[in-house]
K.L.:
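One structure, as structure tokens, below. Some questions next.
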Protein chains: 2
Amino acid sequence: MIQNLNEHQKEDLQEALAHGGQKVTPQREVVYAVLLAKRDHPTVDEVFQRARESMPGLSLATVYNCLETFVGCGLVRQVNHERESTRYCPNLAPHAHFRDESTGRVHDIELPDHVLTTLRSLLPSGFETEAIEISFHGHTKNSRNHTSN
Amino acid sequence: MIQNLNEHQKEDLQEALAHGGQKVTPQREVVYAVLLAKRDHPTVDEVFQRARESMPGLSLATVYNCLETFVGCGLVRQVNHERESTRYCPNLAPHAHFRDESTGRVHDIELPDHVLTTLRSLLPSGFETEAIEISFHGHTKNSRNHTSN
DNA sequence: GTGGGTGTTTAGAATGATTCAAAACCTCAA
DNA sequence: TTGAGGTTTTGAATCATTCTAAACACCCAC
């Protein structure tokens with residue numbers, strides 16, 4: 001069963017929500033508490049299951065709503081931005097992707113070896129990586145005028 | 001309309017497929033040609049549309065099959081690995097994620113500022129980034145025995 | 001060339017995550 | 001008390017992807 005939020009956490013929640021003119025609700029408290037309770041990157045459905053233990057009437061849609069709200073006010077991060085269709089590219093050289101949010105276009109960004117090495121060095125021992133995915137999200141200046149491919 | 005593969009490209013395809021004991025087929029040629037023709041990271045559906053121009057009978061399922069095969073034999077990259085449920089975490093400090101493929105568990109990896117700076121410096125001018133997502137995929141040693149969390 | 005066998009393609013159904021729509025709810029303020 | 005807002009609920013709708021089963025195509029042994 002999920003602990004209630006402590007004072008400090010309640011404040012964080014209240015403050016973050018206040019920005020968008022939004023309110024603290026019992027559902028939001030529970031969902032937030034679930035996220036804080038076990039930091040194992042739960043899926044929406046996992047959050048739903050856990051939250052229901054303290055609030056049986058809670059609906060899945062509400063969990064989606066809460067999470068979206070939290071992400072919107074910077075209280076929580078989404079681990080998997082890229083929930084659109086999978087994309088493919090025949091560029092096999094190690095490279096990152098830059099996704100221009102205004103156009104939806106994806107650009108390749110070359111990755112020098114030393115960057116990959118540095119990244120790999122951040123991993124605790126015992127972690128063996130087969131792939132590193134890096135994606136930037138942002139905007140390109142004058143992106144409105146880009147016509148190139 | 002998509003160009004046919006040139007000799008060199010045909011060889012690449014043939015060779016890559018040969019590894020898994022798989023064959024070059026007209027459909028695979030067309031799909032591969034589509035990927036090479038316009039390197040704009042198309043979605044499956046976009047590939048499907050383009051490929052149909054040269055091969056009207058082609059089915060969507062086949063495009064999925066071809067792409068999966070290509071990824072399997074390292075001919076093509078999938079831009080969006082993470083096609084499972086979106087996950088959420090309340091860790092707001094900049095960090096990457098390591099996904100252990102054997103357990104499905106996701107670990108946070110701290111990201112020192114200098115790494116982020118370096119990464120940002122790879123972008124061409126005019127690219128302004130709001131978020132950088134980094135995810136490692138691999139295995140942790142003894143992951144079979146992990147019971148924590 | 002005939003008959004399997006194997007891997008490939010096809011169409012359509014099934015799945016699963018997510019979003020949408022509409023009604024019911026709550027709360028606060030006039 | 002009424003009304004306006006945002007919020008929650010339920011269930012339906014959407015959309016990418018995967019699955020299933022049937023039709024194909026190719027190749028090798030006979």
Side-chain angles (χ1 to χ4, degrees), chain A residues 13-34 41-52 54-73 75-76 78-88 99 104 106, chain B residues 13-34 41-52 54-73 75-88 104 106:
Chain A
L13 178 59
Q14 135 77 33
E15 190 180 332
L17 287 170
H19 277 210
Q22 285 158 114
K23 301 165 205 166
V24 176
T25 68
Q27 289 86 343
R28 285 175 179 168
E29 284 190 9
V30 172
V31 170
Y32 189 46
V34 164
H41 309 85
T43 62
V44 176
D45 209 67
E46 282 162 350
V47 174
F48 180 48
Q49 302 304 338
R50 295 176 198 174
R52 281 241 259 200
S54 348
M55 184 181 272
L58 185 69
S59 80
L60 180 58
T62 299
V63 176
Y64 273 99
N65 289 341
C66 291
L67 291 171
E68 193 189 336
T69 305
F70 293 165
V71 171
C73 64
L75 207 51
V76 151
Q78 205 168 332
V79 173
N80 251 330
H81 281 221
E82 338 244 2
R83 206 99 222 342
E84 301 175 334
S85 309
T86 304
R87 293 172 178 278
Y88 292 85
R99 182 185 158 85
V106 177
Chain B
L13 178 58
Q14 135 77 32
E15 190 181 332
L17 287 170
H19 278 210
Q22 285 157 114
K23 303 165 205 167
V24 176
T25 67
Q27 289 85 344
R28 285 173 179 170
E29 285 191 9
V30 172
V31 170
Y32 190 45
V34 164
H41 309 85
T43 62
V44 177
D45 209 68
E46 283 161 349
V47 173
F48 180 49
Q49 301 304 337
R50 294 177 199 173
R52 282 243 259 199
S54 346
M55 185 181 271
L58 186 69
S59 81
L60 180 59
T62 299
V63 175
Y64 273 98
N65 288 341
C66 291
L67 291 171
E68 192 188 339
T69 305
F70 294 166
V71 171
C73 63
L75 207 52
V76 151
R77 269 180 53 172
Q78 207 169 332
V79 173
N80 250 330
H81 283 222
E82 337 244 4
R83 208 112 214 335
E84 300 175 332
S85 308
T86 304
R87 293 173 177 278
Y88 292 84
V106 178

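Each chain gets a letter, A, B and so on, in the order the sequences are listed, and its residues count up from 1.
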K.L.:
As an exercise, state the distance from CD of Glu46(A) to OG1 of Thr43(A), rounded to the nearest 0.5 Å.
P.N.:
3.5 Å
K.L.:
Rounded to whole angstrom units, what separation is found between the CG atom of Leu60(A) and the P atom of dC20(C)?
P.N.:
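Whole-Å distance recorded here is 14 Å.
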K.L.:
For dT9(D), take OP1 and OP2 only and decide whether either is under 4.0 Å from a side-chain N or O of Thr62(A).
P.N.:
yes
K.L.:
Nearest 0.5 Å please: distance from the SG atom of Cys73(A) over to the NE2 atom of His19(A).
P.N.:
9.0 Å
K.L.:
Base, sugar-phosphate, or nothing: which does Gly57(B) touch, judged by heavy atoms less than 4.0 Å apart?
P.N.:
sugar-phosphate
K.L.:
How long is the line joining CE of Met55(B) and P of dC24(D), in whole Å?
P.N.:
16 Å
K.L.:
For a quick test of reading the model: is some side-chain N or O of Gln27(A) closer than 4.0 Å to OP1 or OP2 of dT9(D)?
P.N.:
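Yes, within the criterion.
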K.L.:
For Gly21(A) and Glu68(B), find the nucleotide of DNA chain D closest to each by heavy atoms; which residue's nucleotide sits nearer the 5' end?
P.N.:
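It is Gly21(A) whose nearest nucleotide is closer to the 5' end.
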K.L.:
Surrounding CD of Glu15(B) (heavy atoms of other residues, nucleotides or ligands, distance under 6.0 Å), is the total greater than 12?
P.N.:
no
K.L.:
Along nucleotides 22-30 of chain C, 5' to 3', which nucleotides get a B, which get an S, and which get a -, given that the test is a protein heavy-atom distance under 4.0 Å?
P.N.:
---------
K.L.:
Would you mind reading off the distance between Glu46(A) atom CD and dA17(C) atom C1', rounded to a whole angstrom?
P.N.:
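The answer, rounded to whole Å, is 13 Å.
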K.L.:
Check whether any side-chain N or O of Thr25(B) sits under 4.0 Å from OP1 or OP2 of dT9(C), and answer yes or no.
P.N.:
yes
K.L.:
Any side-chain heavy atom of Val30(B) within less than 4.5 Å of one from Gln27(B)?
P.N.:
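No, their side chains stay 4.5 Å or more apart.
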K.L.:
Base, sugar-phosphate or nothing for Asn65(B)? Non-hydrogen atoms, less than 4.0 Å.
P.N.:
base
K.L.:
Considering only side-chain heavy atoms of Ala61(A), which listed nucleotide, dT17(D), dG11(D), dT18(C), is closest?
P.N.:
dG11(D)
K.L.:
Could you tell me the separation between the NE2 atom of His19(B) and the P atom of dG7(C), rounded to a whole number of Å?
P.N.:
18 Å
K.L.:
Is there side-chain contact between Arg77(B) and Val71(B), with at least one heavy-atom pair below 4.5 Å?
P.N.:
no
K.L.:
Would you name the heavy atoms of Leu58(B) and Phe48(B) that are closest together and state the gap between them?
P.N.:
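Looking at all heavy atoms of both residues, the shortest contact is O-CE1, 3.3 Å.
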K.L.:
Would you kindly give the CD-to-P distance between Gln22(A) and dG5(D), to the nearest whole Å?
P.N.:
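From Gln22(A) CD to dG5(D) P: 15 Å.
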K.L.:
What integer distance in Å separates Asp45(B):CG from dC15(D):P?
P.N.:
11 Å
K.L.:
For the pair made of CZ in Arg52(B) and C1' in dT9(C), what is the distance, rounded to whole Å?
P.N.:
14 Å
K.L.:
From dT7(D), dT18(C), dA16(D), pick the nucleotide closest to the side chain of Tyr64(B)?
P.N.:
dA16(D)
K.L.:
Which part of the nucleic acid, if any, lies within reach of Ser59(A) when heavy atoms closer than 4.0 Å are counted: base, sugar-phosphate only, or nothing?
P.N.:
base
K.L.:
Rounded to whole Å, please give me the gap between CZ in Phe48(B) and C1' in dT17(D).
P.N.:
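So the CZ-C1' distance, Phe48(B) to dT17(D), works out to 14 Å.
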K.L.:
What is the distance from atom CG of Leu13(A) to atom CD of Gln22(A), rounded to the nearest 0.5 Å?
P.N.:
10.5 Å
